[in-house]
Amino acid sequence: MLVILVNNVLNDLNVLTIIPYLILTLGFFRILFTMDERLNKLEELHKMKIDPYPYKYERTHTFAELKKGFDKLSQAEETVASCGRILAVRGHGKTVFATLADETSKMQVYLRQDKLGDGFKIFELFDIGDFIGVKGNIFKTKTGEITILVSDFAILAKSLRSLPEKWHGLKDIEIRYRKRYLDLIVNPEIREIFKKRTRLVGLIRRFFDDHGFVEMETPILQPIYGGGEANPFKTYYNALERDMYLRIADELYLKRLIVGGYEKVYEICRDFRNEGIDRFHNPEFSMIEVYQAYTDYEGIMGLVECFMEYLLDNLTDSRTMVFCDREVEFKRPFKRIKYTEALNEKLGFDILSAKGGELDQSCRTHGIDHKVLSTGAKIDKLFGELIQKHIIEPTFVIDHPKVISPLAKVHRKDDRLVERFEFIVFGTELANAFSELNDPVEQRKRFETQLAQKEEGINEIDEDFLEALEYGMPPTGGLGIGIDRLAMVLLNQPSIRDVILFPQLRREK
RNA sequence: GGGUCGUUAGCUCAGUUGGCAGAGCACCGGAUUUUUAAUCCGGUGGCCACAGGUUCGAAUCCUGUACGACCCA
C-alpha cells in the first residue's frame, strides 16, 4: 500500500523537483526499504483475501496450559487452538519448525506440507515478530519437546519491523528504556521483574488492608504543595484561573482524613518532584503513605517490622535479601541507632549545640558543598555521607534533630529532637516515619521557620491544613515508603530505571 | 551543574600505527519432511551519532554539540 502510494507521488513529480524531496525524506525512505520485504508480504496477503489484522482468535489453551496438560491432551488427541508471536523459524523445505511465545510460555509448532497442502505455502509470508494462531494436536518430538502439529493456522497481526537479535537479545540500555516494549519482547526476565513489582504493590495493599487500613484517594493536583522538601511541577488550571502543583507528597491530605475521623488510612500514590534524575531518582515515583491514629513512632516501627517480614515471606520465600552482591538477614527487632549520637560520634562534636563554623569545617572535610545549604541541610548531608551510606543491615535510625523534620512531633524526652525514624538497608532509605505533629500552634511556628529559611518564598503556608489541625487531630503515627526503592532492593535491581517501565529520558534527536 | 566512559548494518559486536567498512544473527535467493542458536551454498544492507578542524588521506587524532551510562554536586 505504502509502496504504491509513494510510487504515485513520484510519478506526479518531475525529476528535478524530486531531488530535494528525496534528500528531505531520506529517513522515511530508509524505513521503507527496511520494511520493504514485509510490506510486499502484507500486500501478498491482501491479494489472497487474507486479512493480516483480523479481529479475534478463539484460543482453547495457553502454551503453559498445553505443557501442563500434555499427558491428557495428547492421549485424547484433542485439537487445541493457541496463539502467540513467532520468535524463531527453522525451515526444512517441506516442513517448518517455529517457536512461538505467548505471555505464559514458549511453544514449538510443527508444520508439514503433507498435512497442510497448498496452505503450507502461506507460511512463507510470515515473519519473526508476527502474531499467529495455530490449531492442531500436541505431541513430543524425538528429542522430547512438546510441540503442536499444526493442522490449521492464521495470521493474527503482521509485524513490519524485525525484532532484535534472538541470541544476544537487546542490550543497548538506551533503547531498552526508550522502547521498553522491545525489551519486554526479547528479554523475558525483564517481564518477570515488572510482574514481581506488580505483585509487590498487591502485597503492600493486602498487608495494610488486612491490618484494617482503608485506602484513600487524595488530589494529585494541589493548590499548595506540601508534606516534603522538593521543587514541584507547576501547571495552570484554566477553569479556576490559578496555578496548581502536582503533589510532592500526600501527607497533608491524609492527615485531614485523620482529623475527619478515620483512624487508619493509606494511599498508594504517584508523587512528582521537579529535580534531578539519577540511579535513585525519577521525577515521578510511587509512594505509600500510611497514618494510624492513637499510636506513635514506636508503634509504626513495629508495623514496619511486620511489613518487611510479610513482604519477604510472600515475595521471596526467604528472610534474607541480596542487593548488589551483598546479603542481609531480616530478623526482628531491627537494629536501632540514634541519629544524633551516631553523627556526634563521627564528627567529634555535638551537632545540636555546634557553631556554624564547626559544621562548615566538617562539610569541607567530607567534600560537601556547604555554601548554599541551610543548617538542617548540612546536617542531613553529613549524616548521609558519614552514617547512612554505611548502614547495610536493616536499621531504624531514630530521633532526628528538629530542624530537619518540620512535620514531626517533638521528642518526649528531648525538645531539640523529634520522634522520627528512617528505615535504612543497603545504605538506602526505604521508609520515613514520625509521631505526627498535631499541635496546631507548634505546626504554624514550624511552617513559618521553614518558609523563612527558603531563599525564594514561592510556597505559601497551607492555612486550610492548619485549620484542620485546629479542629483537633488525635495522636497519630505516620509512615512513608518509597515503592520504587523498595522494589529495587527486593528485586535486586541497581537502578530505579530498572523497576520503572517507562523512565523519563531526554528527548531524542 | 562538573568529571569519566560510550555512540560503527535492524540487533550483538570487531575494526591493528591514520591507508578499500568487517563478522555473527536478522533479511533475500537456492537445497533440505523431527529441527531447536538447525545446517549447507549464494546475496542485499553503512551520512562509522552530529558539526567543524588537522592531514595527501580520518570510523581512527583534535574541538564542539546531542543522547546515554557511571561517579560527584
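A note on names: the letters A, B, ... follow the listed sequences, proteins ahead of strands, and every chain is numbered from 1.
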Please list, for nucleotides 27-29 of chain B, all pairs of protein and nucleotide N/O atoms separated by less than 3.5 Å.
residue : atom : partner : partner atom : Å
B:rC28  : OP1  : A:K41   : NZ           : 2.5

Set of residues satisfying ring pair (Phe, Tyr, Trp, His ring centres under 6.0 Å) with respect to A:F334, sequence neighbours excluded: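 So A:F334 forms a ring pair (Phe, Tyr, Trp, His ring centres under 6.0 Å) with A:F330, A:F396, A:F423.
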Identify, with sequence neighbours excluded, every residue that meets ring pair (Phe, Tyr, Trp, His ring centres under 6.0 Å) alongside A:F123.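 Once residues adjacent in sequence are excluded, the partners of A:F123 under the ring pair (Phe, Tyr, Trp, His ring centres under 6.0 Å) criterion are A:F126, A:F153.
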Any-strand Watson-Crick or G-U partner of [N], both distances under 3.5 Å:
{"N": "B:rU39", "answer": "B:rA31"}
{"N": "B:rG24", "answer": "B:rC11"}
{"N": "B:rC67", "answer": "B:rG6"}
{"N": "B:rG46", "answer": "none"}

Tell me, please, which residues at least two apart from A:N137 pass side chain to side chain contact (heavy atoms under 4.5 Å, CB included).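 Only A:T79 meet the side chain to side chain contact (heavy atoms under 4.5 Å, CB included) criterion with A:N137.
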Tell me which pairs pass ring pair (Phe, Tyr, Trp, His ring centres under 6.0 Å) where either residue lies in residues 166-190 of chain A, with sequence neighbours left out.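 Residue pairs passing ring pair (Phe, Tyr, Trp, His ring centres under 6.0 Å), neighbours aside: none found.
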Do the side-chain N or O atoms of A:K142 get closer than 4.0 angstrom to the phosphate oxygens (OP1, OP2) of B:rU35?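 Yes, A:K142 has a side-chain N/O under 4.0 Å of OP1/OP2 on B:rU35.
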Under 4.0 angstrom between A:R497 side-chain N/O and B:rC70 OP1 or OP2: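 Result: yes.
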Does A:E174 contact B:rU7 through a side-chain donor or acceptor facing the base, at a distance under 3.5 Å?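 Looking at the base of B:rU7, it does not pair with any donor or acceptor on the side chain of A:E174 (distance under 3.5 Å).
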Regarding B:rU35, can its base be found pairing with the side chain of A:T141 as donor and acceptor, where the two atoms are less than 3.5 Å apart?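 Between B:rU35 and A:T141, which were checked side chain against base, a qualifying N/O pair under 3.5 Å is present.
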What's the CD-C1' distance between A:Q108 and B:rA38, to the nearest Å?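 Distance check: A:Q108 CD to B:rA38 C1' gives 11 Å.
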What residues in residues 82-92 of chain A put a non-hydrogen atom under 4.0 Å from any atom of RNA chain B?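 Close to the strand are A:R90, A:G91, A:H92.
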